[in-house]
Amino acid sequence: MELLAIESSCDETAAAVVRDGREVLSNIIASQIETHKLYGGVVPEIASRKHTEVINQVIDEALSKADRQLSDMDAICVTYGPGLVGALLVGVGVAKALAYATDKPLVGVHHIEGHIAANYIAHPDLEPPFLCLVASGGHSHLVIVKDYGEYEVLGRTRDDAAGEAFDKVARAIGLGYPGGPKIDKLAREGNPQAIEFPRASIEDAPYDFSFSGVKSAVLNYLNSCEMKGEEVNRADVAASFQEAVTDVLTDHTMQAAMDHGIHRIALAGGVACNSYLRDKMSAACETRGYRFFMPPPILCTDNAAMIGSAGYYEFMKGVRHGLDLNAIPALALGK
Ligand code: KG4
Ligand code: ZN
């Protein structure tokens with residue numbers, strides 16, 4: 001079964017051809033980062049326009065790289081939420097047009113399910129059930145993947161997503177957008193124990209996250225240094241902030257694994273590129289004898305291969321969408 005997958009939920013226009021949910025024949029990503037950098041973050045209207053400009057080319061390239069024609073595809077999958085509504089609509093509109101023109105099945109895919117499914121591509125032997133930490137620019141979820149397409153959300157963020165906190169702190173210390181990779185790099189030169197930033201936990205919701213407190217603590221620290229005329233060691237701030245966020249992500253995940261007796265842990269989403277988090281989760285799993293799975297960084301940030309993987313399992317379950325498929329910006333996870 002070979003599927004064409006399309007992803008346009010944020011600032012990457014992507015298309016891929018995926019065979020049987022696990023094998024990537026092509027994975028084309030046109031990033032808009034250079035454009036949005038100028039504004040310090042993603043500008044939704046510009047994102048939609050850029051998607052419109054390149055999406056046909058990206059799809060053509062995905063097909064030609066896979067050495068396939070559109071007519072060879074068994075179905076067309078597309079992210080229909082969550083994400084920026086104008087951005088999502090570009091992918092959804094194109095996918096519907098292609099499905100209509102070729103009379104092929106259309107499968108709408110949940111973006112977060114795609115992030116989780118990136119692990120199926122990277123680890124051909126991974127099967128549900130497992131516990132997955134999904135940390136991206138828009139979401140932080142702790143999820144039990146009970147079966148393909150079946151999720152129990154144990155925890156989510158109460159305010160900022162982990163990636164959002166990385167991006168905001170990076171901006172505050174003058175690193176620019178996107179902040180995650182820049183903090184990751186700068187933190188290597190800093191001392192993670194230099195500054196004690198808070199690790200938030202929420203009473204009665206042990207698996208929920210809150211990152212606005214640590215972000216505010218960093219801003220307060222920077223302000224107080226300025227007021228006292230003290231020079232800020234940006235590498236120490238980056239390393240200490242990263243230590244606090246990755247501690248919370250890792251601790252909550254390990255607690256959930258222990259409480260639910262799940263010994264297979266996966267990582268997903270853009271923040272899963274973070275080298276410190278990858279090492280910390282890997283070490284925590286090793287100490288406890290858990291198996292640990294994570295996709296390579298190229299499959300952690302937004303891409304269409306992951307959508308082709310999640311779409312395959314939906315397709316096999318019989319999911320089909322009609323030409324009335326719409327973008328749903330706040331599409332919920334968990335059925
Ligand atoms: O999954 P993704 O590409 O888009 C969303 O679905 O949101 O995630 C993007 C997020 C951004 O906030 C970015 O700063 C963060 O992932 N990110 C990282 C790293 N690489 C990307 N955060 C921390 N360390 C990284 N190395
Ligand atoms: Zn994403």
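We use all heavy atoms of the structure for the numbers below, so side chains are in, but hydrogens, waters and symmetry mates are not. Remember, it's 1-based here, ligands and their atoms both numbered in the order they're listed.
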| said: When you compare ligand 1 with Gly163, is there at least one nitrogen or oxygen pair between them that comes in under 3.5 angstrom? | reply: yes
| task | Heavy-atom contacts with Thr301 under 4.0 Å: which atoms of ligand 1 show up? List them by number with element. | result | 3 (O)
| said: Holding to ring-ring contact (aromatic ring centres under 6.0 Å, His included), I want the full list of residues that pass it with His111, two or more places apart in sequence or in another chain. | reply: His115
| field | Identity and distance of the protein heavy atom lying nearest atom 6 (O) of ligand 1 | value | His111 NE2, 3.1 Å
| Are Lys215 and Asp159 close enough for a salt bridge, meaning some N to O gap below 4.0 Å? | no
| query | What protein heavy atom is closest to atom 22 (N) of ligand 1, reported as residue, atom name and distance in Å? | reply | Gly180 CA, 3.3 Å
| Partner set under ring-ring contact (aromatic ring centres under 6.0 Å, His included) for Phe209, not counting sequence neighbours | Phe211, His252
| field | Side chain, backbone, both or neither: the part of His139 lying under 4.0 Å from ligand 1 by heavy atom | value | neither
| said: Can you tell me if Gln242 contacts ligand 1 (heavy atom of the residue under 4.0 Å from the ligand)? | reply: no
| query | Which atoms of ligand 1 have any heavy atom of Gly138 under 4.0 Å away? | reply | 7 (O)
| message | Counting only nitrogen or oxygen atoms and a 3.5 angstrom limit, does Asp302 reach ligand 1? | response | yes
| query | Which residue holds the protein heavy atom closest to atom 17 (N) of ligand 1, what is that atom called, and what is the gap in Å? | reply | Gly270 O, 3.5 Å
| So, for Phe241 and Phe166, is the gap between ring centers shorter than 6.0 Å? | yes
| Which residue holds the protein heavy atom closest to atom 9 (C) of ligand 1, what is that atom called, and what is the gap in Å? | Gly137 N, 3.7 Å
| message | Ignoring hydrogens and geometry beyond distance, is a side-chain donor-acceptor pair present between Glu7 and Asn303 at under 3.5 Å? | response | no
| Proximity to ligand 1 by part of Asn274, non-hydrogen separation under 4.0 Å | both
| atom 13 (C) of ligand 1 [closest protein heavy-atom partner, distance rounded to 0.1 Å] | Asp167 OD1, 3.8 Å
| query | If you measure from the Lys or Arg side-chain nitrogens to the Asp or Glu carboxylate oxygens, is any gap between Asp160 and Lys168 under 4.0 Å? | reply | yes
| message | Taking 2.8 Å as the limit, list every protein N, O or S atom around the Zn ion (ligand 2), by chain and residue number. | response | His111 NE2, His115 NE2, Asp302 OD1
| said: Please determine whether a side-chain nitrogen of the Lys or Arg among Glu231 and Arg234 lies less than 4.0 Å from a carboxylate oxygen of the Asp or Glu. | reply: no
| task | Taking only heavy atoms of His115 into account, list the atoms of ligand 1 that are under 4.0 Å away from them. | result | 1 (O), 6 (O)
| message | Salt bridge check, Asp125 against Arg291: does any charged N sit closer than 4.0 Å to a carboxylate O? | response | yes
| Ser9 and side chain to side chain contact (heavy atoms under 4.5 Å, CB included): which partner among Ile307, Leu84, Asp302, Leu331? | Asp302
| message | Using a 4.0 Å heavy-atom cut-off, which part of Asp184 comes near ligand 1: side chain, backbone, both, or neither? | response | side chain
| Would you say Pro181 touches ligand 1, if touching means a heavy atom closer than 4.0 Å? | yes
| message | With clusters defined by side-chain heavy atoms of hydrophobic residues (ILVMFWY) lying less than 4.5 Å apart, directly or transitively, does Val94 cluster with Val92? | response | yes
| field | Between Tyr313 and Glu113: side-chain donor-acceptor atoms closer than 3.5 Å | value | no
| Has Arg264 got its NZ or CZ under 6.0 Å from the middle of the six-membered ring of Tyr290, at an angle within 45 degrees of the ring axis? | no
| said: For Asp147, give me all partners under side-chain contact (heavy atoms from CB on, under 4.5 Å), at least two apart in sequence or on another chain. | reply: Pro128, Glu150
